[in-house]
Amino acid sequence: MTVPAPLRLIGMILLVLVFGVSSYISYKVNSETSRAISTSVKVGAWAASELERDFTKFDYALLEVAAGQGNLDRLLLRYDLFWSRIETLLTGEETATIRADRQSRALLDELMVLVRRIEPGVMNLAMDDRAGARDLIAQLAPYRHRIRDFNVNSFSSDRVRERLIQSFEDRRILALSVLGLVLSGTALVLLLVRESARNHRLALHDPLTHLPNRKHFTDKVIKAEKQQINGFDRIGVLMIDLNNFKEINDTYGHDNGDELLRVIARRLRGCVREQELVARLGGDEFAVLLQHQVSPQSCSQLARRLSENIAQEVRLGSSFRVRPSASIGVSIFPDDGQSLQDVIVNADMAMYRAKKDYGVSYRLFDPSMTQVLRRIRQLAKGLETAINDDQLRLHFQPIVDLSNCRIQSVEAILCWQHPDFGLIEAAEIEQVAEESGMAGSLGEWVLERVGAQYADWLQQGIKPIQMAVNLSPSMLWRQDLLPVLQRILKLNSMPAYNLMLEIREETVLRSKENTVEMIQQLKQFGVDIALDDFGTGYSSLSHLRRLPLDKLKIDPIFIQDLNTPHSDLRFIRSLLSLAESLSMIVVAEGVNAEPQWRDLSAEGCRQGQGGLFGLAMLPERMAALLLSQQQDPDFSCLIDSSSTPGGSTPLVSQPQL
């Protein structure tokens, strides 16, 4: 028989009232019990024990002075704490029960007289005044046992026992509320069972956007795969990831970021049919599952429509307007995979390909993407062996003074001669290391080899020179980075200022909150810090001012525009002015032609790096250049572009880091 809704409501109200009244009675009884126990034991007994503790520590501090081993500052601190404890017991509201006992009050009054009497002796006590310390100890001696008894009585006196007995007797009232609690609790359990269906639905939906969540999406995928008939019904998967969402979140605040996600969720839902599934997988990642009339053409049309709708302007709050964008990957089952899980992975791969291809909002999965993934996996598998077996090599590129083209420092550039893929350059090695979790091991290996090369060049008679190393995000966030640096520098007798750590602008902008603090610790350690690839990110002046930078390295893309029909030096001039105001040196990367060098030098850029001065080369070749520079006052690292001398041709092309 179904209970009418009004009766169910009345029953729930009665249950809530019974439970509430029972809970209130329990609360009042327990509160009174706790208050009685706290007043009679916890507060009073604690204060009494603290009095004995402070007296003992003050007495011990005097004993240290008497033994010639004390500390006057510590003695004065213990004296002040002892005095404060007596005052608390004499005046505090929480310790009124202590003062109610006449013997306790008499002892406290005597102690107050004592601390006032010995105050001049304590204040004027000198370190070598052992006799004065012994005199003070003698004045304290009569009170040691009395304070001890005072502490013990605060726990075990008849007065305390009576209050505890009374407080526990009060707890018998709890029996009156037990029945009500049992009945109402049982009813509430039944209500919870009734609500389980609703909770189950909430567990399958994202609380922010109210879209199905990752679990719901996964369950739906499993069900769709089981319903696929004879391999003829296609199922489409679209993976959607917002571009630069972190920057929006950081710039406009998390509340506005959440509002943007809600807007995007509504737009996605409005672009698909009612029977299709739109889910939020987490963060700024969404997914669409298509099961009706699926084809590459229909998926492409939907991806294009989703991109156009997402890209419409969004108003955040009362004053912010943004134009979001997204990268979308599309994959179709069974065309692109033997299982829907494979298709999801492929769609995710296509989405990342779209994110890397500037100006492309969506990509359909292509088998060639699997080859790229296979290459990355194979490189990751072999990288650990390459690190352990010294298959990696360091080459060095000169960084020169643009006024005279003499080498000021060198940058260590990593390369790997892979048995299957040939020469692997630094950018790809670092990407593989980051994605496979080996960036920390790789970074430590590079630092060790740089330190060893520094020591080797010193033995060859080469004067100390600064060596630059690119620091990956994972290496920057290592908790033991400073100990690692200290060990390597000490082992190779390398001063910290001869090591320059290059940190990419993107690493600083997209990294953890403690990154600035970590960079400041590195600077305090003594190494130089350079901001690499400057100009490609979104650094603000206020952000740069927080970083203890020594150098700014201009990204090569800005150098390539020099000496062209539409060249514009305004960016370079602004950057040089900014660097000068922040006491930084600007290094121009990618200087490959003499006109670029002349323009940069004329504008006051102090250092440069690029093919015009020599690309990355073997350590032996770099050692020869450094020795030539030491021996020849007129040495210039400028390479004659019309006729490159034998042996000075770079052995490795410079990777675009």
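Since this is a predicted model, take the numbers as computed values, not measurements.
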Do we see a donor-acceptor contact under 3.5 Å between the side chains of Asp336 and Ser331?
yes

Considering non-hydrogen atoms only, spot the tightest contact between [X] and [Y] and give its length.
{"X": "Phe558", "Y": "Phe534", "value": "CE1-O, 3.8 Å"}
{"X": "Ala579", "Y": "Leu552", "value": "CB-CD1, 4.3 Å"}
{"X": "Ser474", "Y": "Gly440", "value": "CB-N, 4.4 Å"}
{"X": "Leu379", "Y": "Glu428", "value": "CD1-OE2, 3.3 Å"}
{"X": "Gly337", "Y": "Asp342", "value": "CA-CB, 4.2 Å"}
{"X": "Met518", "Y": "Leu476", "value": "CG-O, 3.3 Å"}

Where do Ile235 and Leu340 land on the side chain to side chain contact (heavy atoms under 4.5 Å, CB included) test, with the steps shown first?
CA-CA 8 Å; Ile235 299 174; Leu340 260 177; 3.9 Å; yes

Do the side chains of [Y] and [X] get nearer than 4.5 Å, heavy atoms only?
{"X": "Leu499", "Y": "Val469", "result": "yes"}
{"X": "Leu316", "Y": "Val314", "result": "yes"}
{"X": "Ile519", "Y": "Pro548", "result": "yes"}
{"X": "Glu430", "Y": "Arg504", "result": "yes"}
{"X": "Phe245", "Y": "Leu261", "result": "yes"}
{"X": "Asn243", "Y": "Ser327", "result": "yes"}
{"X": "Phe217", "Y": "Ile344", "result": "yes"}
{"X": "Glu434", "Y": "Ser472", "result": "yes"}

Residue pairs passing the salt bridge (Lys or Arg N to Asp or Glu O under 4.0 Å) test where at least one lies in [range], sequence neighbours excluded:
{"range": "residues 291-307", "value": "none"}
{"range": "residues 260-270", "value": "Glu259-Arg262, Glu259-Arg266"}
{"range": "residues 311-321", "value": "Glu313-Arg321"}
{"range": "residues 473-482", "value": "Glu444-Arg478, Arg478-Asp480"}

Cation-pi, Phe421 ring and Arg375 (6.0 angstrom, 45 degrees):
yes

The side chain to side chain donor-acceptor pair (under 3.5 Å) partners of Asp255 (sequence neighbours excluded) come to none

Output the distance between atom [atom1] ([X]) and atom [atom2] ([Y]), rounded to the nearest 0.5 Å.
{"X": "Ile264", "Y": "Leu306", "atom1": "CD1", "atom2": "CG", "answer": "10.0 Å"}
{"X": "Leu208", "Y": "Asp258", "atom1": "CG", "atom2": "CG", "answer": "5.0 Å"}
{"X": "Asn470", "Y": "Leu414", "atom1": "CG", "atom2": "CG", "answer": "10.0 Å"}
{"X": "Ile310", "Y": "Leu242", "atom1": "CD1", "atom2": "CG", "answer": "6.5 Å"}
{"X": "Cys299", "Y": "Ile332", "atom1": "SG", "atom2": "CD1", "answer": "4.0 Å"}
{"X": "Leu394", "Y": "Cys415", "atom1": "CG", "atom2": "SG", "answer": "7.5 Å"}

List for me each residue that meets ring-ring contact (aromatic ring centres under 6.0 Å, His included) alongside His216, sequence neighbours excluded, and say none if there are none.
His205

Applying ring-ring contact (aromatic ring centres under 6.0 Å, His included) to Trp416 and not counting sequence neighbours gives His418

Under the side chain to side chain contact (heavy atoms under 4.5 Å, CB included) rule, what do Leu531 and Asp550 come out as? Steps first, then yes or no, please.
CA-CA 8 Å; Leu531 188 64; Asp550 299 285; over 6 Å; no

Salt-bridged, Arg487 to Glu448, with N to O below 4.0 Å?
yes

Answer yes when Asp219 and Lys223 have at least one side-chain N-carboxylate O distance shorter than 4.0 Å, and no when they do not.
no

More than 12 heavy atoms of other residues, nucleotides or ligands under 6.0 Å from CD of Gln312: is that the case?
yes

A quick test of your reading: do over 12 heavy atoms of other residues, nucleotides or ligands sit less than 6.0 Å from NZ of Lys523?
yes

Please identify each residue that fulfils side chain to side chain contact (heavy atoms under 4.5 Å, CB included) with [X], with sequence neighbours left out.
{"X": "Thr385", "value": "Asp389, Gln391"}
{"X": "Met438", "value": "Leu383, Glu384, Ser436"}
{"X": "Ala303", "value": "Leu238, Ile328, Val330, Tyr362"}

Evaluate the side chain to side chain contact (heavy atoms under 4.5 Å, CB included) criterion for residues Leu471 and Leu481: first the C-alpha distance (whole Å), next the side-chain angles of each, then the deciding distance (0.1 Å), finally the verdict.
CA-CA 11 Å; Leu471 201 64; Leu481 176 57; 4.1 Å; yes

Tested for side-chain contact (heavy atoms from CB on, under 4.5 Å) against Ile503, the lone hit among Ile529, Asp532, Asp533 is Ile529

Could you please spell out the steps behind the salt bridge (charged side-chain N to carboxylate O under 4.0 Å, His left out) verdict for Arg234 and Asp335?
CA-CA 8 Å; Arg234 288 189 174 99; Asp335 301 10; 2.8 Å; yes

Could you go step by step and tell me if Met349 and Asn346 meet the side chain to side chain contact (heavy atoms under 4.5 Å, CB included) rule?
CA-CA 5 Å; Met349 194 184 310; Asn346 293 340; 4.1 Å; yes

Output a table of donor-acceptor pairs, distance under 3.5 Å, between side-chain atoms of residues 284-295 and any protein atom two or more places apart or on a different chain; print 'none' if there are none.
unit_1	atom_1	unit_2	atom_2	d
Ser295	OG	Gln297	OE1	3.4
Ser295	OG	Ser298	N	3.1
Ser295	OG	Ser298	OG	3.2

Under the salt bridge (charged side-chain N to carboxylate O under 4.0 Å, His left out) test, which residues partner Asp366, sequence neighbours left out?
none

